[in-house]
Amino acid sequence: MTDREHSMQPHFIRNIIEEDFASNQLRQLVTRFPPEPNGYLHIGHAKSICLNFGLAWEYRGRCHLRFDDTNPLNEEEVYVDSIREDVAWLGFDWGEHLYYASDYFEQLYQYAVELIKQDRAFVCSLTPEEIRQYRGTLTEAGTESPYRNRSTEENLDLFQRMRRGEFAEGSQVLRAKIDMGSSNLNMRDPVIFRILHATHHRTGDAWCIYPTYDFAHCLSDAEEGITHSLCSQEFEDHRPLYDWFIEHLPVPSRPKQIEFARMNLTYTVLSKRRLNRLVEEGYVDGWDDPRMPTLSGLRRRGYTPGAIRNFCDMIGVGKSESLVQMSMLEHALRDDLNYRAPRFMGVQDPLKVVIVNYPQDGEEELEGINNPEDESMGTRGLPFSREIYIERDDFREDPPKKYFRLAPGREVRLRYAYFITCVDVVKDDNGEITELHCTYDPESRGGSSPDGRKVKGTLHWVSARHCLDAEFRLYDRLFTKADPTREEKKGVDFVQYINPDSLRVVSGCKVEPALRGIDSGTRLQFERKGYFCLNGDSRHEPLVFNMAVALKDTWAKIEKREQGGASVSS
RNA sequence: UGGGGUGUAGCCAAGUGGUAAGGCAACGGGUUUUGGUCCCGUGAUUCGGAGGUUCAAAUCCUCCCACCCCAGCCA
C-alpha cells in the first residue's frame with residue numbers, strides 16, 4: 001500500500017482511536033478481521049478488511065486475521081483457504097497473527113465454568129421451541145427458565161457431561177443468567193454453549209459442545225488483546241452482552257466494540273444467501289464469475305487490489321447504511337488502470353479497409369506508445385500493411401452531426417499510422433458494407449501531417465495479415481434494478497431482475513500481434529474501448545479477453561442524447 | 001404498540017454553536033495522435049419536518065415523520 005492510495009479521510013472510528021491515543025488509554029492499536037469460513041469474500045467484506053488492516057497500518061499497530069469458526073455445521077477448510085488468498089491479494093499482511101476461534105475452545109470452556117461458579121450461567125434443559133417461547137416477544141418480557149436455579153454443583157456436573165457427549169443435540173444448553181425482562185432480547189439469558197455432534201474442520205471430534213458467537217467473539221478479542229473490535233451495525237444490540245462477558249470474566253484485556261454500517265452496491269447483491277442462489281441456480285458461472293461482486297469474481301474481471309482499496313477509501317465509514325453507485329467502483333478501477341495498464345489496439349467488430357495506394361505486398365513497422373501516462377513503459381512495434389481492420393462503428397455512410405470518424409470522402413487518422421481518406425464503399429448483395437477503399441497520405445506516417453493539417457477523428461486498427469483472433473466477453477450489470485433487494489421486499493424474487501444481457505460474448509475480434517504470449521490475468525487497455533483482462537484459461541487463439549470496465553464514452557452519450565434516449569443511470 | 005440505529009445535493013460523505021469540505025455522477029469550456037486522461041468552471045439561502053433556546057443552530061432542547069436492525073441452540 002502506498003501513501004498515494006491512503007487518504008486520511010476523517011471518520012468516527014478514526015476519531016475514537018485518536019481520542020483513545022490522546023487520553024493515553026491506548027498504546028498500540030490492535031484490530032482484527034474475523035470472517036466465518038462459510039463462504040467467499042465479497043466487496044462488502046473488502047470494506048471491513050480495508051478498515052481494519054488500513055487503520056492498523058496507519059497507526060503502526062497490527063491487525064489479526066481470525067477465523068470465527070464456532071459452528072462446524074457450515075464451516076469448511078476451502079473457505080479458509082480462499083479467504084486467506086483474497087485478503088493477501090488485497091495487499092494486506094497479518095504476519096504471525098493468524099488465529100482461529102477454535103484455538104480458544106478449551107479456554108472458552110473454562111470461562112464458562114467460571115461463569116457457572118459465579119452463578120452467572122446455568123444448564124437449561126428446555127427444548128429449542130420452549131426456549132423460544134420463554135424468550136417472550138419484542139413487546140413482552142420473557143419468562144425465566146424452570147432450570148434457572150439449579151445449584152452450582154448440578155450445573156458444573158451437567159456442563160461437564162455435556163462436554164463428555166452424554167446428551168443429545170438440542171437437549172441441553174448452557175445459558176448466561178442475565179435478565180429475562182430486558183428490552184434487549186440478547187440479554188434474555190442467551191445461550192452460550194450448545195451441543196453439536198459434528199466434526200469440526202480443525203478440532204475434528206474433540207468437541208461436541210461449541211460456544212456461540214456472542215460468547216466466543218468478545219472473549220477471543222480479549223485473548224488476543226484486540227483494542228478496537230470493529231463490526232457491522234446489526235451487532236449494536238449485542239454490545240451490552242459483549243461488555244457483560246468482558247466485565248464478569250478474568251480476561252487479559254478489555255476490547256471495545258464499535259459498529260459501522262454495511263455497504264450495498266447498485267445493480268448487484270451482497271448477501272451470502274443471495275450470492276449463493278446465483279451460483280446454485282446457475283445464473284452465473286460460479287463464485288468467481290466476472291459478474292460476481294466476490295473478490296475472486298472481481299479479480300477475474302480485471303479489478304486490481306489498488307482499485308478496491310481506493311474504492312473503500314472513497315466510500316468512507318459511517319453509521320448509515322448506504323447504497324453506493326457502481327460508477328464509484330468503476331471510477332476507482334479506471335483511475336488505477338489508467339496509470340498502470342499498457343495500451344493495445346483491438347477491433348471488436350472488424351470492417352476491412354483496403355489502402356488502395358499502398359504497395360501491394362508492402363509492409364512496415366510503426367511505433368506505438370505503451371502508456372501515454374507513463375513513458376517508462378516504452379513503445380512497441382505495430383505492423384502495418386495494405387489491408388487492415390477498423391471498427392465497423394467507426395464508419396458511417398451517412399454520418400450524423402458531431403460524428404467525426406470515417407465517412408465517404410472524409411479523412412481521419414489511424415492511430416500511430418497514417419491519415420486515410422475513404423474513397424469507396426463496397427457492399428454485398430444485401431447492401432451490407434463488406435469493405436472500404438481508402439487512400440493514405442504517405443507524408444502522414446506516424447499520425448501527423450507535416451503541413452499541419454488536422455483531422456477530427458483517430459481510429460484504432462490492426463493489420464489484417466498480422467492480427468490475432470480474439471473473443472471479447474463484455475460484461476454489464478448483473479441486475480436490471482439498482483436495488484434488487486428492495487424490490488424483493490415488495491414480494492418479488494430478486495432473480496426476476498437478473499439482467500439477461502449481463503454477458504455478451506463477441507467472437508471474431510482482431511487484436512494486434514504484440515499480444516501474443518501475454519500472461520493470463522494481464523490487465524490492459526484496448527484503446528478507445530476499455531480495460532480488459534486476459535481470461536485465466538486463455539492460452540491460444542482465439543485469445544479471450546474479459547472487459548473489466550469500458551472507457552468513458554462521450555460520443556455514446558452525445559449520440560444517445562441526439563436520439564432522445566434516456567440518460568444513463570448508475 | 002419494546003429496544004437499538006440512521007436521516008446533510010441524484011449517490012457516498014466531512015462538519016459536533018460562528019454562517020455548508022471533498023469524491024462519484026451530471027452539465028459547460030480548454031488541452032489532446034484514445035470522443036480516454038488531464039485542467040478549468042457550474043450545484044444545498046440550507047442540513048428528514050415543525051416548534052423552541054441563542055447575537056448566532058446542520059450542530060443544543062421538544063415534539064413529529066421516514067427508513068434499517070433485533071424474538072437462531074447462525075455469525
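Here the structure is a predicted model, which is why all the values come from computation and not from measurement.
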Worksheet item: Can you tell which of A:K256, A:Q257, A:E224, A:R32 makes a side-chain hydrogen bond (donor to acceptor under 3.5 Å, both in side chains) with A:S229?
Response: A:R32
Practice prompt. Grab the CG-C1' distance between A:D335 and B:U37 for me, whole Å please.
Written response: 10 Å
Worksheet entry | Among B:C68, B:C12, B:A21, the one nearest A:K489 by side-chain distance | B:C68
Item to complete: Assess whether one donor atom and one acceptor atom, taken from the side chain of A:E259 and the base of B:G4, lie less than 3.5 Å apart.
Response: no
Worksheet item: In whole Å, what is the span from the CG atom of A:D553 to the P atom of B:A25?
Response: 14 Å
Item to complete: Check the distance between B:C70's C1' and A:Y242's OH and give it to me in whole angstrom.
Response: 19 Å
Worksheet item: Can you tell which of B:A75, B:C67, B:C70 lies closest to the side chain of A:D68?
Response: B:A75
Discussion item. Could you tell me the Watson-Crick or G-U partner of B:U62, where both distances fall under 3.5 Å? Say none if there is no partner.
Written reply: B:A50
Discussion item. Working to the nearest 0.5 angstrom, can you tell me the gap between A:S232 OG and A:H45 NE2?
Written reply: 8.5 Å
Discussion item. Measure CZ/A:R262 against P/B:C12 and give the value in whole Å, please.
Written reply: 17 Å
Discussion item. Does a side-chain N or O of A:T137 approach OP1 or OP2 of B:G2 to a distance below 4.0 Å, or not?
Written reply: no
Discussion item. Please verify the inter-ring angle class for A:W555 with A:Y403; under 30° counts as parallel, over 60° as perpendicular, anything in between as tilted.
Written reply: perpendicular
Item to complete: Give me the ring orientation class for A:F384 and A:Y440: parallel if the planes are under 30° apart, tilted from 30 to 60°, perpendicular past 60°.
Response: tilted
Worksheet item: Across the strands shown, which category fits A:R413 at heavy-atom distances under 4.0 angstrom: base, sugar-phosphate, nothing?
Response: base
Fill in: Any strand: nucleotide that pairs with B:C73 via Watson-Crick or wobble, under 3.5 Å
none
Item to complete: Classify the side chain of A:D237 versus the base of B:G3 as yes if they form a donor-acceptor pair under 3.5 Å and no if they do not.
Response: yes
Worksheet item: Using a cut-off of 4.0 Å on non-hydrogen atoms, how would the nucleic acid contact of A:F167 be classed: base, sugar-phosphate, or nothing?
Response: nothing
Practice prompt. Could you tell me whether A:D69 contacts a base, only the sugar-phosphate backbone, or nothing, with contacts defined as non-hydrogen atoms closer than 4.0 Å?
Written response: nothing
Worksheet item: Which whole-number value in Å describes the distance from A:R239 CZ to B:A75 P?
Response: 20 Å
Fill in: Distance in angstrom units between A:N71 CG and B:C73 P, rounded
12 Å
Practice prompt. Would you indicate what A:K529 reaches in the nucleic acid, counting non-hydrogen atoms under 4.0 angstrom: base, sugar-phosphate, or nothing?
Written response: nothing
Item to complete: Could you check whether A:F404 gets within reach of a base, just the sugar-phosphate, or nothing at all, counting any heavy atom under 4.0 Å?
Response: base
Practice prompt. Kindly assign one of parallel, tilted or perpendicular to the pair A:Y109 and A:F159, based on the angle between their ring planes and the thresholds 30° and 60°.
Written response: parallel
Practice prompt. Select base, sugar-phosphate, or nothing to describe what A:T70 touches, counting heavy atoms under 4.0 Å on all strands.
Written response: sugar-phosphate
Worksheet entry | RNA chain B: 5'-proximal contact among A:A417 and A:I131 (nearest heavy atom) | A:A417
Worksheet item: Do A:Q233 side-chain and B:G4 base share a donor-acceptor contact under 3.5 Å?
Response: no
Discussion item. Any base atoms under 4.0 Å from A:G318, or only sugar-phosphate, or nothing? Heavy atoms, all strands.
Written reply: nothing
Fill in: Side-chain-base donor-acceptor pair under 3.5 Å for A:R405 and B:G35
yes
Item to complete: Would you classify A:H238 as touching base, sugar-phosphate or nothing, given that sugar-phosphate means primed atoms plus P, OP1 and OP2, and contacts are heavy atoms under 4.0 Å?
Response: base
Worksheet item: Is any side-chain nitrogen or oxygen of A:R561 closer than 4.0 Å to OP1 or OP2 of B:C27?
Response: yes
Item to complete: For the residue pair A:F105 and A:Y210, categorise the inter-ring angle as parallel (less than 30°), tilted (30 to 60°) or perpendicular (more than 60°).
Response: perpendicular
Fill in: Side-chain heavy atoms of A:L459 within contact of A:R415, under 4.5 Å
no
Discussion item. Just to be sure I understand the rule, does A:N184 reach a base, reach only the sugar-phosphate, or reach nothing, if contact means heavy atoms closer than 4.0 Å?
Written reply: nothing
Worksheet entry | Centroid distance under 5.5 Å and plane angle under 30°, A:Y213 vs B:A75 | no
Discussion item. Regarding A:I315, tell me which of base, sugar-phosphate or nothing describes its non-hydrogen contacts under 4.0 Å with the strands shown.
Written reply: sugar-phosphate
Fill in: Below 4.0 Å: OP1/OP2 of B:U34 and any side-chain N or O of A:H460
no
